[in-house]
Amino acid sequence: MEMEMEIDDTPKPKGEETKGKPIVVILVGAPGSGKSTFCEQVMASSTRTWVRICQDTIGNGKSGTKAQCLKSAASALNDGKSVFIDRCNLNREQRAEFLKLGNPNVDAHAVVLDLPAKLCISRSVKRTGHEGNLQGGKAAAVVNRMLQKKEFPKLSEGFTRITFCQNESDVQAAHNTYSALGPLDTLPNGSFGQKNPDAKIQLGIMRFLKKVEVPANTVSDANNIQSSVSHKNTEEKEPSYRGHDNISSFSGNASKELKEGENLAVCSSGSHASLNNAPTLAFPSISTSDFQFNLEKASDIIVEVVEEYVNKLGSARLVLVDVSHKSKILSLVKTKAAQKNIELNKFLTFVGDITKLYSEGGLRCNVIANAANWRLKPGGGGVNAAIFNAAGPALEVATKEQAQSLHPGKAVVVPLPSTSPLFSREGVTHVIHVLGPNMNQHRPNCLNNDYIKGCQILREAYTSLFEGFASTIKTQGKLAKVSNENLDSNSSGAQEVIEGANTKHSPNNDQKNKREHKHEYDRSKKCKGSQDEIGANIPESKIGKVDKNNDKIDGSMAKAWGSWAQALHKIAMHPQIHKDVALEISDDVVVLNDLYPKARRHLLVLARSEGLDCLADVSKDHLQLLKTMHDVGLKWAEKFLQEDALLIFRLGYHSVPSMRQLHLHVISQDFDSKNLKHKKHWNSFNTAFFLNSVDVLEEVSSHGKATLRDDESLLSMELRCHRCRSAHPNIPRLKSHISKCRAPFPPSLLQNSRLVLAPCNAGIDP
DNA sequence: GTTCTAGAAC
DNA sequence: GTTCTAGAAC
């Protein structure tokens, strides 16, 4: 039996298929969004051979199965034809198998037809004779239901290119792009045209709070006055960068109106997939812009060093970013990388604004590189100005802590404070400043066309950059997901100025390192003696607590446990007496409901070790216990998820707990509870004060201790929604907002299994 | 950790 | 007048 397919039978020269790279284009859109029309129009005008795989007709004119579609698609691709997968593909799971059709020799693209639901419904309702027999009145209900569960495709799923269309003109543009694609042509990789999915900061509230500064680049809400303020700020701060901005395909949509609640919930369970969690470094081309380094030579060096490092970096990814589609360096590198057979999922080129890769490009990069100046100061233009502007003053302060200046060829890793918008909005945890060689006579340290030296320094710069990136992987604790055998075992990590492979540390920076290490040492002394050195767990009497408190240097934690703070300790020591409250008792832990739950589900997992009062007491010796606590917490979260699949959990510790005895919070993210009354309650679970259990495990395993955020100010921070990050004037208003907010969680939470949620419900196939 | 409550903010 | 916060006591 032959599958029915619509085949473009334009005559083609023999052998053509073997030269061009076939593409599998996975259409994503509700019924009525125009998928079939899109395919038909492209096929009508394209010089490439396309096969449209349509599940509605594949079964001999009738509806077929997914397996039939996959088989037909694979066979067409094998023949060198390009393929449209014409089915809804609205969620990740539905797309997954079709994505596997992509490989180094077949690009997997997505074209998202994200047209207004109303339009799709009215088209579905009106049409007759639709192949899928989805017409008439029931269409509305079906389309609505499907759109509830839609998940936008992401590059991390494995697409090399994603095109988002939100209106007819976007669709037309996409049509033009694909129609014009000859058999031998390729399209630039990347994600194009997506409007910021998370952006809905309430500027009215910001004004209410008398906050003058409005984060640059946030999408304004319906408030036009605020919109113009935001615009003005941006222009004043980064004129030269904005000069290029109009070339970017992401610009120009920033003031699109988004009403609260209108965002469809995006199921984030997909973020558990390994690719999404892969550490990713986005970097601009170094020295080729203002420093006028020869593009041919620069692209050779980039590809050469990338090739060396992709294999050393395990699952981590490198992304070369440029703001313009017309970027010469990007196309040079792409061509040269293709010739080298560098793994496509480990290195990609990307067109977009390096400060908006996630919010506008859907590309998660936890580390970005900055083409810095030697003073490590904001300003200048280009990428440096853009990154400093987008990161806010926090970056400047954090940079100063690491280094005062930079030599050509060197890089410095700067951990980005969580207060930076780049952290909260884009999920960037580190910025690595790199300084390349300068060939521009009007800039300092010009090499006067000495390309022997220049190439050497540029190579050194990329080496330093990638070494720096490798060190963030080690210190950040994504190590578990990275095959680390190739990483440099010297782990002073993030505090270090990274040098090229065969150069020596400058004395200046070594001094810096010493200071940092001393600091670390002091901190470890704060925690209960020097167990690390002795390697034994010294039992501590209750009175010992006081001594420890007196030891505190900064005084912020200098408090003894009050009588009211002993309840958990008593339960942990004598769970049998408290059987009424204990949900589970083992040798290591006791599980109980929080007496004043701050959410629908809120458990505590108590450690039973005497003398283990809080995270500050934790050392490497407790790693196994921490893992047990985590696993027990996870088990309970999963149990609750079986009862209510809509719950989402976080597991973590308070940096400075109020109650004595180490306890892990397992708390659902609805925060729907009458016991959540104060700012302190909210902020203790929704600022850096709350330390994710997964992060604590990682830190204790790599450093022997957790980094506490014992900063009182965190608890009195302004109230922000944990999902959309909008600010709210008081607790009642915040609670009213969070009961409605369905925005996706910030990128940092979506990584590394920091959220625990139910596996996504299987979507409905048309 | 909560409760109570004065007084600030609306 | 009512709502909300924050500090002290427990």
Side-chain angles (χ1 to χ4, degrees), chain A residues 202-212 542 545-546 548-549 555-575 577-578 580-583 589-608 611-617 629 633 650-668 671-687 689-691 693 708-721 726-739:
Chain A
Q202 297 183 347
L203 295 165
I205 295 285
M206 305 276 286
R207 187 175 51 176
F208 168 79
L209 289 169
K210 303 183 180 71
K211 298 275 179 214
V212 189
K542 289 175 194 176
K545 191 82 208 172
V546 178
K548 188 167 80 180
N549 288 336
S556 64
M557 284 167 64
K559 56 158 191 184
W561 301 105
S563 57
W564 48 265
Q566 304 289 346
L568 297 180
H569 177 73
K570 287 178 183 160
I571 294 172
M573 293 304 111
H574 307 288
I577 303 173
H578 302 276
D580 49 333
V581 293
L583 298 171
V589 299
V590 178
V591 181
L592 67 156
N593 278 309
D594 191 301
L595 185 56
Y596 299 94
K598 303 298 183 294
R600 285 185 197 146
R601 292 291 186 183
H602 184 180
L603 291 185
L604 302 178
V605 181
L606 298 186
R608 292 196 58 196
L612 197 59
D613 290 341
C614 57
L615 265 190
D617 297 334
M629 292 170 73
R650 265 182 93 185
L651 278 63
Y653 300 87
H654 284 152
S655 286
V656 184
S658 298
M659 304 291 282
R660 179 179 177 195
Q661 195 67 20
L662 182 67
H663 54 280
L664 171 70
H665 291 268
V666 178
I667 185 164
S668 61
F671 295 105
D672 175 9
S673 163
K674 62 178 172 49
N675 296 310
L676 200 162
K677 294 172 178 168
H678 308 299
K679 191 174 248 190
K680 187 176 169 180
H681 291 150
W682 177 258
N683 283 335
S684 72
F685 290 102
N686 291 290
T687 62
F689 186 84
F690 188 78
L691 303 172
S693 176
L708 305 182
R709 298 295 305 263
D710 51 356
D711 186 351
E712 284 284 275
S713 66
L714 284 171
L715 297 178
S716 49
M717 272 175 40
E718 61 186 353
L719 297 164
R720 283 189 177 274
C721 172
S726 58
H728 299 267
N730 56 46
I731 288 286
R733 296 243 231 138
L734 171 76
K735 289 176 84 169
S736 145
H737 167 82
I738 58 173
S739 68

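Each chain gets a letter, A, B and so on, in the order the sequences are listed, and its residues count up from 1.
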Mind checking Lys680(A) for me? I need base, sugar-phosphate or nothing, with any heavy atom below 4.0 Å counting as a touch. nothing

With a 4.0 Å cut-off on heavy atoms, is Leu568(A) in touch with a base, just the backbone sugar-phosphate, or nothing at all? nothing

Given atom CZ of Arg733(A) and atom P of dT5(C), what is their separation to the nearest angstrom? 11 Å

Send over the distance from Lys598(A) NZ to dT2(B) C1', rounded to a whole Å. 9 Å

If the cut-off is 4.0 Å, is His681(A) near the phosphate of dG1(B), judged by side-chain N/O to OP1 or OP2? no

Taking atom P of dT3(B) as reference, at what distance in whole Å does atom NZ of Lys674(A) sit? 8 Å

Stacked pair Trp564(A)-dG1(B), distance under 5.5 Å, angle under 30°: yes

Using whole Å, what does the distance between atom C1' of nucleotide dT5(C) and atom NZ of Lys735(A) come to? 14 Å

Mind telling me whether His654(A) and His663(A) have parallel, tilted or perpendicular rings, with 30° and 60° as the class edges? perpendicular

Looking only at side-chain N and O atoms, does Lys570(A) come under 4.0 Å of OP1 or OP2 in dG1(B)? no

Here the distance between atom P of dG7(C) and atom CG of Leu715(A), to the nearest Å, is 12 Å

Could you please name the option among dG1(B), dC4(C), dA6(C) that lies closest to any side-chain atom of Asn730(A)? dC4(C)

Which is true for His663(A) with a 4.0 Å heavy-atom rule: it touches a base, it touches only sugar-phosphate, or it touches nothing? nothing

Rounded distance in Å - NE2 (His678(A)) to P (dG1(B)): 11 Å

Are any side-chain N or O atoms of Ser668(A) and backbone N or O atoms of Ala599(A), one a donor and one an acceptor, separated by less than 3.5 Å? no

Considering only side-chain heavy atoms of Ser658(A), which listed nucleotide, dT5(C), dA6(C), dG1(B), is closest? dG1(B)

Please state how far atom CG in Leu734(A) lies from atom C1' in dT3(C), giving the value in whole angstrom units. 16 Å

For dT3(B) and Lys677(A) - does any side-chain N or O of the residue sit under 4.0 Å from the phosphate oxygens OP1/OP2? yes

I'd like to know whether the aromatic ring centres of His681(A) and Tyr596(A) sit less than 6.0 Å apart in this structure. no

Can you tell me how the ring of Phe671(A) sits relative to the ring of Trp682(A), calling it parallel under 30°, perpendicular over 60° and tilted otherwise? perpendicular

Whole angstrom value for the distance that separates P of dT2(B) from CZ of Arg660(A): 20 Å

How long is the gap from CG on Leu606(A) to CE on Met629(A), to the nearest 0.5 Å? 7.0 Å

